[in-house]
Novice: 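Okay, handing you the structure first.
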Amino acid sequence: MKKALFPGSFDPFTKGHLDTVERAARLFDEVIIGVFINTSKAGWFSAAERTELIQTAVAHLPNVRVVTQDSELTVTAAQKLGADFLLRGIRSVKDYEYEKDIMTMNNHLASEIETVFLLAKPEYSHISSSLLKEVLLFNGDVKKYLPPAIYEAYLRKRDTHEKAK
Ligand code: ADP
């Protein structure tokens, strides 16, 4: 049974993330999306809310599930879930440099866990969750980069922010 953990903050979960998950679902028996509480960036939604939103976006994939991660090492989460693989996406050389160090550290912490990388599709390689939030905040159109339910939720969240000001 080949099980992969795809860890991330997914604030929001974009079509780039979805594409990675869909491709990984063909490679692994099970893909578990681990929604982490991001320690360095304040999220628009809590990890539990993000988990629920992502569930709606991957409902068509029977071998994919979404879990909220505790604040712990990614390799510890993978071990608890029985996942021998970590899945990460690479958009650019910058991602590669960043991911290489994380992979090496994770390999030092748990050498039995292998990290697998999928290159982002060109149509999604220029988007990041933080860029989409920034564009959204200034009323730019990011609809084509987000799964529909997630787009709607972030749009509503932005409007509440604006009203609260
Ligand atoms: P983190 O904060 O842990 O980097 P993210 O939610 O930003 O979490 O990203 C999770 C993973 O998805 C990372 O491996 C990242 O490189 C990858 N990723 C981010 N955006 C895209 C995209 N547009 N296409 C493919 N992979 C992506």
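Note that these values count all heavy atoms, side chains included, but never hydrogens, waters or copies made by symmetry. Just follow the structure's listing: the first ligand is 1, and inside any ligand the first atom is 1.
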Novice: Taking only heavy atoms of Ala120 into account, list the atoms of ligand 1 that are under 4.0 Å away from them.
Specialist: 24 (N), 25 (C)
Novice: Indicate the atoms forming the closest heavy-atom contact of Phe6 with Leu87, along with that distance.
Specialist: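 Minimum heavy-atom separation between Phe6 and Leu87: CD1-O, 3.0 Å.
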Novice: Does Glu30 pair with Lys2 as a salt bridge, N-O distance under 4.0 Å?
Specialist: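 No, no charged N to carboxylate O under 4.0 Å.
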Novice: Using a 4.0 Å cutoff against the non-hydrogen atoms of Ile127, which atoms of ligand 1 qualify?
Specialist: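 In order of number, 20 (N), 23 (N).
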Novice: Measure Glu99 to ligand 1 on non-hydrogen atoms and call it side chain, backbone, both or neither using the 4.0 Å cut-off.
Specialist: side chain
Novice: Backbone or side chain, does any N or O of Ser125 fall under 3.5 Å from an N or O of ligand 1?
Specialist: no
Novice: Which option out of Thr20, Thr74, Leu132 puts a heavy atom nearest to atom 25 (C) of ligand 1?
Specialist: Thr20
Novice: For ligand 1, which atoms, with element, lie under 4.0 Å from some heavy atom of Asp95?
Specialist: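 Going through ligand 1 atom by atom, the ones under 4.0 Å from Asp95 are 16 (O).
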Novice: Would you mind telling me if ligand 1 is within reach of the side chain of Phe36, the backbone, both or neither, using heavy atoms under 4.0 Å?
Specialist: neither
Novice: Strictly under 4.0 Å, does any heavy atom of Ser128 approach an atom of ligand 1?
Specialist: no
Novice: Does Glu72 offer a backbone N or O that forms a donor-acceptor pair with the side chain of Asp70 under 3.5 Å?
Specialist: no
Novice: May I ask you to list the atoms of ligand 1 that are less than 4.0 angstrom from any heavy atom of Phe6?
Specialist: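 Those of ligand 1 that fall under 4.0 Å from Phe6 are 11 (C), 12 (O).
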Novice: Polar contacts were defined as any N/O atom of the residue lying under 3.5 Å from an N/O atom of the ligand; does this apply to Asp11 and ligand 1?
Specialist: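 No, no N or O pair falls under 3.5 Å.
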Novice: Provide the closest heavy-atom pair for Leu53 versus Ala153 in the form atom of the first, atom of the second, distance.
Specialist: CD2-CB, 3.7 Å
Novice: Going from CG on Asp11 to NZ on Lys133, what distance comes out if it is rounded to the nearest 0.5 angstrom?
Specialist: 3.5 Å
Novice: If you measure every N or O of Thr14 against every N or O of ligand 1, does any of those distances drop under 3.5 Å?
Specialist: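 N/O-N/O distance under 3.5 Å: no.
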Novice: Is the shortest distance from a Lys or Arg side-chain nitrogen in Lys15 or Asp19 to a carboxylate oxygen in the other one below 4.0 Å?
Specialist: no
Novice: Is the shortest distance from a Lys or Arg side-chain nitrogen in Asp29 or Lys3 to a carboxylate oxygen in the other one below 4.0 Å?
Specialist: no
Novice: Given Ser9, Pro12, Pro7, which has its nearest heavy atom closest to atom 7 (O) of ligand 1?
Specialist: Ser9
Novice: Using the rule side-chain contact (heavy atoms from CB on, under 4.5 Å), only one of Leu146, Thr14, Leu132 pairs with Tyr151; which is it?
Specialist: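 Per the side-chain contact (heavy atoms from CB on, under 4.5 Å) rule, the option paired with Tyr151 is Leu146, out of Leu146, Thr14, Leu132.
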